[in-house]
Amino acid sequence: MQQQEAQKKFETAIAETQIEIREETLRNISWELHDNIGQLLTLAKIQVNIAQDDPSKLQEVTDTITKSLTELRALSKLINPDAIKSLNLTEAITLEIERFNRMQFIKATIKSNNEIEILDDKVEIIIFRILQEFFTNTIKHSKASNLNVDVHYDKDKIVIHAIDDGVGFNTKNSNTQQGIGLSNIQNRGKLIDAEVKLESEEGKGTALTLTYYYNKKSLTSLESEVD
């Protein structure tokens, strides 16, 4: 009965995480439609009015509409559930990084070696949400100019290192940690038995290192430990 209850709690945590990812994705889509694609189409409308008196400006209209279509195609990847399901973890992270750069929120980069281990879907969901929360904190709170992500697959583990050059914070301040949801990040790491290390110093940015061992424990044993 205890194992069944633990498994139920684990499945509930996974479902809640999936909902949070969908909600964050919808917020991102709304943001991008308004601040990026909406502005491009407004610009195209202005350019059309100008081109009525100066046909030489038509090429600018074409260029702006072409860019709008490119942005819409990129955005559609976030909306299409079939496309999302076909992505591995690195590809999903890369989509987030590309979105930040399109929106010019921050200058973001990602490096990765070849994936050598297929992760369980539930593990990928948790890891992606941990990173998504870190990225959100970087954009909303850190005032950073740069965000760099490194995804490294080893023979027995995956190590993800993300670092920003923002204002940083005092890691000993519990109110700050609670305010930016750092406890959520740590708790999600425990859910899949991942090692999550957060380092920050005021004025020197924030770094997250996540280490997940592929075969350290089976998900069945992990589920039995959830309390």
**Report entry** His141 side, atom NE2; Thr136 side, atom OG1 - distance, nearest 0.5 Å
**Finding:** 8.5 Å
Query raised in the report: Does the pair Phe134 and Asp164 meet the rule for a side chain to side chain contact (heavy atoms under 4.5 Å, CB included), with working shown?
Result: CA-CA 10 Å; Phe134 180 81; Asp164 67 46; 4.1 Å; yes
Query raised in the report: Should Ile158 and Ile110 be counted in the same cluster of Ile, Leu, Val, Met, Phe, Trp and Tyr side chains packed under 4.5 Å apart?
Result: yes
Report task. Grab the two heavy atoms, one from Ile192 and one from Tyr212, that are nearest each other, plus how far apart they are. Result -> O-CE1, 3.3 Å
Report task. State plainly whether one hydrophobic cluster holds both Leu69 and Val61, where clusters connect Ile, Leu, Val, Met, Phe, Trp and Tyr through side-chain heavy atoms under 4.5 angstrom apart. Result -> yes
Report task. Check Gln186 against Leu198 and note the closest heavy-atom contact, atom names and distance. Result -> NE2-CD1, 4.0 Å
Query raised in the report: How many angstroms lie between atom CD of Glu124 and atom CD1 of Ile93, to the nearest 0.5 angstrom?
Result: 9.0 Å
Query raised in the report: In terms of hydrophobic clustering (I, L, V, M, F, W, Y; side-chain heavy atoms under 4.5 Å; direct or indirect links), are Phe128 and Val159 co-clustered?
Result: no
Requested in this report: Decide yes or no for Phe100 and Thr138: does some side-chain heavy atom of the first lie under 4.5 Å from some side-chain heavy atom of the second?
Outcome: no
Query - Nearest-0.5 Å distance, OG1 of residue Thr90 to NZ of residue Lys111 - result: 13.5 Å
Query raised in the report: More than 12 heavy atoms of other residues, nucleotides or ligands under 6.0 Å from NZ of Lys157: is that the case?
Result: yes
Report summary line: When every non-hydrogen atom of Ile106 is compared with those of Asn101, the smallest separation belongs to O-OD1, 3.2 Å
Report task. Could you please spell out the steps behind the side chain to side chain contact (heavy atoms under 4.5 Å, CB included) verdict for Tyr153 and Leu89? Result -> CA-CA 11 Å; Tyr153 292 88; Leu89 178 62; 4.2 Å; yes
Query raised in the report: What pair of heavy atoms forms the shortest contact from Glu133 to Asn184, and how long is it?
Result: OE1-CB, 3.6 Å
Query raised in the report: Is there a donor-acceptor contact under 3.5 Å from the side chain of Ser142 to the main chain of Val167?
Result: no
Report task. Could you please spell out the steps behind the side chain to side chain contact (heavy atoms under 4.5 Å, CB included) verdict for Leu208 and Ile130? Result -> CA-CA 10 Å; Leu208 176 145; Ile130 289 172; 4.1 Å; yes
Report task. Rounded to the nearest 0.5 Å, what's the gap from CD1 on Ile126 to CG on Leu210? Could you check? Result -> 11.0 Å
Query raised in the report: Looking only at atom types and distance, does a side-chain atom of Tyr213 sit under 3.5 Å from a main-chain N or O of Glu195, one as donor and one as acceptor?
Result: no
Query raised in the report: How far apart are the C-alpha atoms of Gln59 and Thr62, what are their side-chain angles, what is the distance that settles it, and do they pass the side chain to side chain contact (heavy atoms under 4.5 Å, CB included) test?
Result: CA-CA 5 Å; Gln59 185 58 46; Thr62 301; 4.1 Å; yes
**Report entry** Asp154 (side chain) donor-acceptor with Asp156 (main chain) under 3.5 angstrom
**Finding:** no
Query raised in the report: Has the side chain of Asp165 got a donor or acceptor atom that lies under 3.5 Å from a matching backbone atom of Asn146?
Result: yes
**Report entry** In one Ile/Leu/Val/Met/Phe/Trp/Tyr side-chain cluster, 4.5 Å: Ile125, Val123
**Finding:** yes
Report summary line: Here the pair of heavy atoms bringing Phe169 nearest to Ser200 is N-OG, 3.0 Å
Query raised in the report: Looking at Thr211, Thr209, Asp150, which one forms a side chain to side chain donor-acceptor pair (under 3.5 Å) with His161?
Result: Thr209
**Report entry** Contacts of Lys143 that satisfy salt bridge (Lys or Arg N to Asp or Glu O under 4.0 Å) - sequence neighbours left out
**Finding:** none
Query - Which atom of Gly189 lies closest to which atom of Val196, heavy atoms considered - result: CA-CG2, 3.8 Å
Query raised in the report: Can you tell me how far CG of Leu147 sits from CD1 of Ile163, rounded to the nearest 0.5 angstrom?
Result: 9.5 Å
Query raised in the report: What's the spacing between Thr206 OG1 and Glu201 CD if we round to 0.5 Å?
Result: 10.5 Å
